[in-house]
Amino acid sequence: MFGRLFANVSQRVPSLLERVSQIMKPQVVFVLGGPGAGKGTQCSKIVESYNYTHLSAGDLLRAERAREGSEDRHVIETCIKEGKIVPVDITINLLRKAMEETMQQDEKKFRFLIDGFPRNEDNLQGWTRVMDGKADVKFVLFFDCGNEVCINRCIERGKSSGRIDDNWESLEKRIQTYLQSTRPIIELYEKHGKVRTIDASRSVDEVFADVKAVLDKEG
Ligand code: ADP
Ligand code: C5P
Ligand code: MG
């Protein structure tokens, strides 16, 4: 698939750095944590200081839901409202396209923070099916935060986010989905020594200080 990606690289003779970049596999950090744990906030801060592109699965799904002519808008809307996970075929296509577009625009941009994915077994299987061998998952950045703090942050965010799922009813379901479906995925990566856990219940800056320590060491 990344053959397609590199087909458009300009005709001139590429520099050594460009050639090295061209054979670079996408390097991926999965960013997980409960709803409102601060994944998006921390990813934005990472992008300011490190050479990563932030791709939020939730943002991509919301954009697809809003896209005129999208065949998937209804299933996405229902899942989001109900706190359920959208079938992976939809999500993986959006992620793959976003990664390809990013690398097409700038072949040196091969480091990705994939935020809010994989959220369940179906997500993980879809990733393996489509991306195995085509991208390296370096580790999972896990923002660990109690449910109560998560819910309060989302309710607060809901005052201005316009999101259809930042309300008590949806949040109860989102927390259930997180506990039942996402935590086992985090535990699976943990068994392989691939999880970097950060206490996300503290202030944005305190959390970011720990994020920096992880990225400076192995990012
Ligand atoms: P997620 O992407 O994990 O759902 P967000 O980054 O959108 O979470 O954060 C959820 C809400 O909580 C936002 O309104 C954000 O401004 C706020 N927030 C994020 N991190 C913190 C923090 N460490 N302390 C307090 N509020 C936070
Ligand atoms: O990560 P975020 O809070 O933006 O996700 C919002 C919603 O988008 C989730 O509750 C879920 O309904 C949907 N989603 C999904 N699959 C993902 C990520 C998000 O179905 N991998
Ligand atoms: Mg988010």
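Counting begins at 1 with the first residue of the sequence. Order of listing sets the numbers, starting from 1, for every ligand and every atom in it.
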Inset, instruction - From atom 2 (P) of ligand 2, work out which of Lys39, Arg174, Arg119 has a heavy atom at the shortest distance. - result: Arg119
Legend entry - Pair Tyr50-Asp216, side-chain donor/acceptor within less than 3.5 Å: yes
Legend entry - atom 1 (P) of ligand 1 [closest protein heavy-atom partner, distance rounded to 0.1 Å]: Lys39 N, 3.5 Å
Inset, instruction - Locate the shortest heavy-atom distance separating Val28 from Ala135; write the atom from each residue and the value. - result: CG2-CB, 4.2 Å
Legend entry - Part of Thr177 with heavy atoms under 4.0 Å of ligand 2, whether side chain, backbone, both or neither: neither
Inset, instruction - Using a 4.0 Å heavy-atom threshold (strictly under), name the region of Asn123 that reaches ligand 2: side chain, backbone, both or neither. - result: side chain
Inset, instruction - May I ask whether Gly33 has any heavy atom positioned less than 4.0 angstrom from an atom of ligand 1? - result: no
Legend entry - Closest to atom 20 (O) of ligand 2 (judged by heavy-atom distance), picking from Val86, Leu94, Ile90, Ile80: Val86
Inset, instruction - Please work out whether any backbone atom (N, CA, C, O) or any side-chain heavy atom from C-beta onward of Arg157 is under 4.0 Å from ligand 2, and answer side chain, backbone, both or neither. - result: neither
Legend entry - atom 18 (N) of ligand 1 [closest protein heavy-atom partner, distance rounded to 0.1 Å]: Arg153 CD, 4.0 Å
Inset, instruction - Decide whether an N or O pair under 3.5 Å exists between Val204 and ligand 1. - result: yes
Inset, instruction - Report the part of Glu82 in contact with ligand 2, treating N, CA, C, O as backbone and CB onward as side chain, heavy atoms under 4.0 Å; options are side chain, backbone, both, neither. - result: neither
Legend entry - Check: Arg157 N/O within less than 3.5 Å of ligand 1 N/O: yes
Legend entry - No-hydrogen, no-angle side-chain donor-acceptor test under 3.5 Å, Asp166 and Ser161: yes
Legend entry - Nearest atoms (heavy-atom pairs only) where Pro35 meets Arg174: CB-NH2, 3.4 Å
Legend entry - Minimum-distance protein heavy atom relative to atom 2 (O) of ligand 1: Gly40 N, 2.9 Å
Inset, instruction - Run through Asp210, Val195, Asp115, Ile46 and flag the one making a side-chain contact (heavy atoms from CB on, under 4.5 Å) with Leu141. - result: Ile46
Legend entry - Nearest non-hydrogen protein atom, atom 15 (C) of ligand 1: Thr41 OG1, 3.7 Å
Inset, instruction - Mind checking the OG1-NZ spacing from Thr41 to Lys45? Nearest 0.5 Å is all I need. - result: 9.0 Å
Legend entry - Atoms of ligand 1, numbered as shown, that sit under 4.0 Å from any heavy atom of Gly38: 1 (P), 3 (O), 5 (P), 6 (O), 8 (O), 9 (O), 19 (C), 20 (N)
Inset, instruction - For atom 4 (O) of ligand 1, find the nearest protein heavy atom and state the residue, atom name and distance (0.1 Å precision). - result: Gly36 N, 2.9 Å
Inset, instruction - Please round to the nearest 0.5 Å and tell me the distance separating atom NZ of Lys191 and atom CD of Glu187. - result: 7.0 Å
Inset, instruction - Report yes if Asp165 has an N/O atom closer than 3.5 Å to an N/O atom of ligand 2; otherwise report no. - result: no
Legend entry - Part of Ser203 within contact of ligand 1 (heavy atoms, under 4.0 Å): backbone
Inset, instruction - Pull out every atom of ligand 1 sitting under 4.0 Å from any heavy atom of Arg202, numbered as shown with elements. - result: 22 (C), 23 (N), 24 (N)
Inset, instruction - Report yes or no: is the cationic atom of Lys194 (NZ for Lys, CZ for Arg) under 6.0 Å from the centre of the six-membered ring of Phe139, at an angle within 45° of the ring normal? - result: no
Inset, instruction - Using distance alone, with no hydrogens and no angle criterion, decide if Gln125 and Thr128 have a side-chain donor and acceptor under 3.5 Å apart. - result: no
Legend entry - Nearest-0.5 Å distance, CZ of residue Arg196 to CD of residue Glu190: 9.0 Å
Inset, instruction - Check whether any N or O atom of Gly83, backbone or side chain, sits under 3.5 Å from an N or O atom of ligand 2, and answer yes or no. - result: no
Legend entry - Test item: side-chain donor near acceptor, Ser201 and Asp199, under 3.5 Å: yes
